[in-house]
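One-based numbering, in listed order, for ligands and for the atoms of each. In what follows, residues are counted from 1 in the order of the sequence shown.
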Amino acid sequence: MNCMRILAIETSCDETAASVIEKTGGNLEILSNVVASQINIHKKYGGVFPEHASRAHVEKIIPVVKEALGNYKPDVIAVTTGPGLIGSLLIGVNFAKTLAYAKNLPIIGINHWLGHIYSCFIQSEPVATQSKSRRRAAWSASRALRTDFHAGEIESAAHAIFDVATASGLPQFPALILIASGGHTGLVLMKSHKKIVSLGETLDDAAGEAFDKIAKLLDLGYPGGPAISKTAEKGDPKAYDFPRSMLERKDFDFSFSGLKTAVLYEIKKQKLTAKIKKNMAASFQQAVIDILIGKTIQAAYEFRPKSICLCGGVSANKELREQMKKAVSGLPMNPSFHAPAIHLSTDNAAMIGIAAAYHLNDKTTYDKINANANLGL
Ligand code: KG4
Ligand code: ZN
């Protein structure tokens with residue numbers, strides 16, 4: 001059977017990532033998945049410092065691609081062309097173009113959000129039946145996670161990698177997809193691999209951005225999502241009644257700025273003890289979860305999807321995953337529920353390679369590819 005290997009590269013924000021995906025007929029396998037995190041560089045600023053991000057990509061791109069490639073010979077190159085930080089995107093895009101030129105290989109430009117969507121389009125398999133290459137991918141992903149996540153998060157991430165028999169089968173069309181990341185939050189309806197319609201998006205902050213900002217206000221460290229979810233574990237989600245904006249509206253847009261302001265006012269009212277921080281983190285997290293789930297369920301009643309997918313960095317949040325799964329299981333149209341393995345939730349290149357595997361007809365030459373910081377879906 002025809003076998004194709006895709007080298008995928010992702011540098012849209014603060015992770016330098018490369019992955020090799022093998023496509024054999026209709027079957028996809030992640031052969032390698034390497035992520036070099038820049039958390040240590042950005043944490044002293046409490047957010048991504050674009051100039052430092054570009055410099056780190058320049059330093060890391062060759063070792064990361066080398067590690068992902070091993071002895072694999074790619075047939076095609078896939079690269080994230082946008083949206084993202086232009087200084088970061090340019091490193092990956094120009095590296096990919098140069099490699100395509102030097103090796104005379106075709107290249108596919110992939111939208112970062114499309115990549116997140118396709119993180120749900122790979123079937124997981126139990127570790128016992130995994131090939132050696134698959135175990136190598138899991139190993140390198142878990143190693144990358146070690147620098148990515150706080151200690152508490154590693155366990156659940158490792159669990160997700162080594163016992164990955166999650167949703168059965170791939171999403172079916174029409175699929176309703178919630179993308180919740182640091183740069184974007186929105187709902188899309190995927191009618192086919194070619195027909196992807198945006199139903200609504202955030203009017204202000206993205207969900208992950210709200211996690212990051214509230215973590216900063218509560219002095220919980222960076223990145224905010226894992227820090228809040230860890231702190232929230234021992235807090236009371238009903239301690240504060242924060243607003244669930246937009247749920248009364250019939251459209252599918254999101255807003256998190258009102259929630260952020262409500263948390264800020266509450267923080268200003270009192271001295272922040274460890275207990276108050278836990279309760280605030282838990283109450284804030286629950287408000288975000290209610291907004292995300294509420295809008296997704298509203299859209300499910302209107303569009304009656306066969307599948308519902310949750311993706312983007314915020315999909316690494318265990319509470320969100322569990323509560324969304326439960327909400328979806330109560331729907332009368334009985335859709336299947338899909339969320340990526342934890343190491344494919346936050347930015348990685350495997351999702352870019354998977355997206356490319358479904359869009360091989362978009363292959364082109366190096367001179368037709370460019371970075372675009374504001375690329376839309
Ligand atoms: O998808 P992603 O890696 O990058 C973008 O495309 O933006 O998402 C990063 C976002 C960050 O805002 C981070 O705080 C959030 O995902 N995140 C989480 C968790 N892990 C990462 N948010 C909530 N809970 C988590 N466990
Ligand atoms: Zn992302």
For ligand 1 and [X], I'd like to know whether there is a polar contact (N/O to N/O, distance under 3.5 Å).
X	answer
D212	yes
T346	no
G312	no
P223	no
F211	no

Angular separation of NE2 (H112) and OD1 (D347) seen from the Zn ion (ligand 2), to 10°: 100°
Derivation and outcome, side-chain contact (heavy atoms from CB on, under 4.5 Å), residues L69 and V20: CA-CA 7 Å; L69 269 180; V20 177; 4.0 Å; yes
Would you check whether [X] reaches within less than 4.0 Å of ligand 1, judged by its heavy atoms?
X	answer
H116	yes
W113	yes
S229	yes
H112	yes

H193, H338, H359 screened by ring-ring contact (aromatic ring centres under 6.0 Å, His included) with F121, the one that passes: H193
Ring-ring centroid check F284 Y240, cutoff 6.0 Å: no
Aromatic ring proximity, centroids under 6.0 angstrom, H57 and F95: no
N, O or S atom of H184 closer to the Zn ion (ligand 2) than 2.8 Å: no
Check: S315 main-chain N/O paired with R321 side-chain donor or acceptor under 3.5 Å: yes
Value rounded to 0.5 Å, distance of CD1 in I86 from CG in N374: 8.0 Å
Y222 and H42 aromatic ring geometry - parallel, tilted or perpendicular at 30°/60° bounds: perpendicular
S307 and S336: side chain donor to acceptor below 3.5 Å: yes
